[in-house]
Amino acid sequence: MLLTMSTTVLSGIRATGRLHLGNYLGAVKGMLALQQEEAISTFFMVADVHTITTPYNIDELRINRREVIIDYLAAGLDPERSTLFLQSMVGEHLELAFLFSSVMSIARMQHLPTFKDKVKQYPEHATMALLNYPLLMAADILLYKANLVPVGIDQEPHIEITRQVARKMNEVYGTQLPEPQRFATKGEYVPSLQGIGKMSKSVEGSYISLTDTKTEILDRLKQAPTDSGVGRLTAMSQGVKNLLQLVELFSGAEKRKEYESQYEDTGIRYGALKAELATAIFAELKPLQERRQQFIAKPKLVDEVIEAGVTKARAVARETLDEVKEKMGLG
Ligand code: AMP
């Protein structure tokens with residue numbers, strides 16, 4: 001997509017705990033890349049309201065939502081260039097999500113694969129909040145008239161819903177909401193360390209946290225399943241494919257090819273691969289962890305970043321909400 005003066009970017013991460021490599025490669029790296037572009041406006045929020053759509057602990061949420069802001073700052077998001085804020089502090093998100101629900105059928109929402117997956121995962125918590133998750137996300141994006149959204153590939157169905165909401169709102173009420181696109185990174189799908197599915201905070205053993213030490217990273221990698229390691233004898237297991245994908249993401253495509261030819265030839269020594277991979281991952285995370293400590297030591301600065309971000313976000317959000325309400329006969 002061509003980046004122009006009218007490009008606006010929004011993304012967010014739920015406050016469910018420490019960020020992991022999936023969040024970093026699939027979302028944060030895209031945010032960092034787009035923040036570099038002088039011409040465009042970038043809004044990055046902590047999706048703390050989205051956090052209540054699945055079971056959560058109140059005290060942990062209080063802490064985690066602030067920790068995500070610290071993670072953003074540690075990763076290099078710059079409050080001078082990007083608006084960093086907490087979703088719950090800009091009430092317009094909730095208001096717009098409700099207005100959007102007037103153009104979306106219950107059936108469309110119930111058939112979303114992301115909704116079905118979460119209901120399977122939390123059968124006791126098939127709530128209206130969960131059903132409305134994609135509409136809240138549409139409100140997050142469209143309040144800022146964002147047309148580019150750096151998120152992982154798992155979010156594509158929600159971006160599609162957002163486009164559909166924008167189209168319907170424009171048709172029915174004559175609003176002028178954009179139809180956003182996902183901004184994809186090389187790590188748009190980071191697999192689980194367990195060999196099945198994606199890396200996810202809710203699946204223990206699947207992820208590496210951005211705050212893990214080198215030893216912790218290696219320990220987690222050691223748990224990752226492999227195989228006999230000789231391609232002539234077996235087809236490559238999903239566990240090994242996933243490890244090679246991480247090798248490519250952290251050490252480059254050449255390194256991956258090296259391991260692939262070893263696989264076909266002598267076989268891979270997985271102990272050595274995992275040690276090398278742990279070193280490469282930690283080399284990328286170490287500067288983030290050091291910056292994290294600096295921001296933890298400056299709570300006042302973090303408060304100021306949030307306050308300034310919320311003020312800026314609210315002003316833009318209010319304007320869009322007023323426009324939409326006016327068109328809907330509620331102005
Ligand atoms: P969540 O933790 O579900 O709020 O996700 C926050 C962001 O991280 C979203 O943009 C997701 O698409 C992205 N993300 C989460 N897990 C992964 C993964 N395993 N691979 C790539 N992106 C991911």
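Just so you know, these numbers use all the heavy atoms, side chains as well, and skip hydrogens, waters and symmetry mates. When a ligand or atom number is given, it counts from 1 through the structure's own listing order. Quick caveat: nothing in here was measured; it's all calculated off a predicted structure.
Against a heavy-atom cut-off of under 4.0 Å, Gly187 is close to the following atoms of ligand 1: 21 (C). Counting atoms of ligand 1 from 1 in the listed order, those under 4.0 Å from a heavy atom of Gln155 are 12 (O). Short contacts between ligand 1 and Arg14, defined as distances under 4.0 Å to a heavy atom of the residue, involve ligand atoms 1 (P), 2 (O), 3 (O), 4 (O). Distances below 4.0 Å separate heavy atoms of Gly26 from the following atoms of ligand 1: 21 (C), 22 (N). Close approach to Ala27 involves these atoms of ligand 1, each under 4.0 Å from a residue heavy atom: 7 (C), 8 (O), 10 (O). Listed by number with element, the atoms of ligand 1 under 4.0 Å from a non-hydrogen atom of Lys201 are 2 (O).
Phe115 does not carry Lys118 over the face of its six-membered ring by the limits of under 6.0 Å from the centre and within 45° of the normal.
Taking 4.0 Å as the cut-off between side-chain N and carboxylate O, Arg18 and Glu67 count as a salt-bridged pair. The pair Glu160-Arg167 meets the salt-bridge criterion, with a side-chain N (NZ, NE, NH1 or NH2) lying under 4.0 Å from an Asp/Glu carboxylate O.
Counting heavy-atom neighbours within 6.0 Å of Glu124 CD, excluding the residue itself, gives a total of 12 or less.
Remark: the backbone N or O of Leu84 is not paired with any side-chain donor or acceptor of Ser82 at under 3.5 angstrom.
Summarising the contacts of atom 8 (O) of ligand 1 with Val151, Asn23, Ile13, Val46, the nearest heavy atom is found in Asn23. Of the listed options Pro191, Gly22, Ala184, Gly22 places a heavy atom closest to atom 17 (C) of ligand 1.
Here the side chains of Gln164 and Glu179 are not in contact, with every heavy-atom distance at 4.5 Å or above.
Within the model, atoms NZ of Lys186 and NZ of Lys29 stand 7.5 Å from one another, a figure rounded to the nearest 0.5 Å. Between Phe250 atom CZ and Leu285 atom CG the span is 6.0 Å, to the nearest 0.5 Å. Taking CG of Leu193 as the reference point, atom CG of Leu243 lies at 7.5 Å (rounded to 0.5 Å).
In this structure, Thr16 has no heavy atom closer than 4.0 Å to ligand 1. By the 4.0 Å heavy-atom criterion, Ser200 is excluded from the residues contacting ligand 1. Taking a 4.0 Å cut-off on heavy atoms, His20 registers as neighbouring ligand 1.
Here the protein heavy atom with the shortest distance to atom 12 (O) of ligand 1 is Asp154 OD1, 2.5 Å. The nearest protein atom to atom 21 (C) of ligand 1, hydrogens excluded, is given as Glu188 O, 3.2 Å; this is a heavy-atom distance.
With a heavy-atom cut-off of 4.0 Å, Val190 touches ligand 1 through backbone and side chain alike.
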